[in-house]
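Here's the structure we're looking at; comments come further down.
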2 protein chains.
Amino acid sequence: MSNKFNIEQLNKAFESRIRLGIMSVLMVNAQVDFNTMKELLDLTDGNLASHMSALEKLNYVEVKKQFIGKKPNTLFEASKEGKIAFQKHLNALEKLLKQS
Amino acid sequence: MSNKFNIEQLNKAFESRIRLGIMSVLMVNAQVDFNTMKELLDLTDGNLASHMSALEKLNYVEVKKQFIGKKPNTLFEASKEGKIAFQKHLNALEKLLKQS
DNA sequence: TAAAAGTACTTTGTATGGCAAAGTTAAAAT
DNA sequence: ATTTTAACTTTGCCATACAAAGTACTTTTA
């Protein structure tokens, strides 16, 4: 039986509150576009872009580009893998904190 | 009414999993000594010491020194303030994640 | 049609944090 | 006398966070 306080199972990718926020948003909403996400979490363009590209590199989110009318529009969605990883993280969190 | 995804309320001090672990331990156990904490969380001396001193600086934990027999022994405990701050953090986390 | 604004970045620069490993101090055990 | 234990501190490196500014392209507006 492993340790009661197993912080190893917490996913480093989700330590930052911004990424926690991003994933929370994407668990509830299948697709969210750049500006909506930016406003939901109150981020600067650059900050959002860099967190998103980090999550993309891990294959936790997928980025899709479309046009609305003639305006470019970037959509984010959580990948299957991302949802599973996030859920695992939440389970680990819960196990760690349940006792508190 | 504030935003549904309010990551601002997450306490920066508790973003790191090590500090999450420390606080979890100290919510359950009134007092934990240096070496027990070190083993519970599988940390190096220096790493534990630096996280503890960060939490101490924020008045989230209190450090008490005693002797067991003639051996020095360092005890950690969560302060009232620390418990409240941690609980607030957990509440904010829960609010953020409930929907996921 | 020239200027302003929007979209989605990338780049730059700074500051902060995490971490291991090694060094330190002092007492205790062998 | 040497080693071990306890609890740090210091050093050095690397990664991350973030704001702000820059970029490229398009679209709206005056």
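Each chain gets a letter, A, B and so on, in the order its sequence line appears, and its residues count up from 1.
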Handout entry: Contacts of A/Lys65 that satisfy side chain to side chain contact (heavy atoms under 4.5 Å, CB included) - sequence neighbours left out
Key = A/Val63, A/Thr74
Practice task
Please list, in 5' to 3' order, the outermost nucleotides of DNA chain C lying under 4.0 Å from any heavy atom of chain A.
Solution key: C/dT7 to C/dC19
Exercise for the section: Could I get the full list of salt bridge (Lys or Arg N to Asp or Glu O under 4.0 Å) partners for B/Lys88, not counting sequence neighbours? Expected result: none
Problem - Pairing residues for B/Ala49 by the side chain to side chain contact (heavy atoms under 4.5 Å, CB included) criterion, not counting sequence neighbours - result: B/Phe34
Practice task
Report the distance from atom CD1 of A/Ile18 to atom P of D/dA15, rounded to the nearest whole Å.
Solution key: 20 Å
Exercise for the section: To the nearest 0.5 angstrom, please state how far the CG atom of A/Leu90 sits from the OG atom of A/Ser24. Expected result: 7.0 Å
Practice task
Could you tell me whether B/Ser53 contacts a base, only the sugar-phosphate backbone, or nothing, with contacts defined as non-hydrogen atoms closer than 4.0 Å?
Solution key: nothing
Practice task
Please name all residues satisfying side-chain hydrogen bond (donor to acceptor under 3.5 Å, both in side chains) with A/His51, sequence neighbours left out, ordered by chain then number.
Solution key: A/Arg19, A/Asn47
Practice task
Identify, with sequence neighbours excluded, every residue that meets salt bridge (Lys or Arg N to Asp or Glu O under 4.0 Å) alongside B/Glu77.
Solution key: B/Lys64
Exercise for the section: Give the rounded distance in Å between these two atoms: CZ of A/Arg17 and P of D/dA17. Expected result: 11 Å
Completion exercise
One should read off an interatomic distance between A/Ile7 CD1 and B/Ile22 CD1, to the nearest 0.5 angstrom, of 8.0 Å
Handout entry: Nucleic acid contacts of residues 58-77 of chain B, taken as heavy-atom distances under 4.0 Å to DNA chain D
Key = B/Lys65, B/Pro72, B/Asn73, B/Thr74
Exercise for the section: Output the residues of residues 32-51 of chain B in contact with DNA chain D, where contact means a heavy atom of the residue under 4.0 Å from an atom of the strand; sort by number or write none. Expected result: B/Phe34, B/Asn35, B/Asp45, B/Gly46, B/Ala49
Problem - Residues which pass side-chain hydrogen bond (donor to acceptor under 3.5 Å, both in side chains) with A/Lys38, listed by chain and number, not counting sequence neighbours - result: A/Asp45
Completion exercise
Taken in chain and number order and not counting sequence neighbours, the residues that satisfy side-chain hydrogen bond (donor to acceptor under 3.5 Å, both in side chains) with B/Asp33 are B/Thr36, B/Asn73
Handout entry: Residues in ring pair (Phe, Tyr, Trp, His ring centres under 6.0 Å) contact with A/Phe14, at least two apart in sequence or another chain
Key = A/Tyr60, A/Phe86, A/His89
Practice task
Using whole Å, report how far CZ of A/Arg19 lies from P of D/dT16.
Solution key: 8 Å
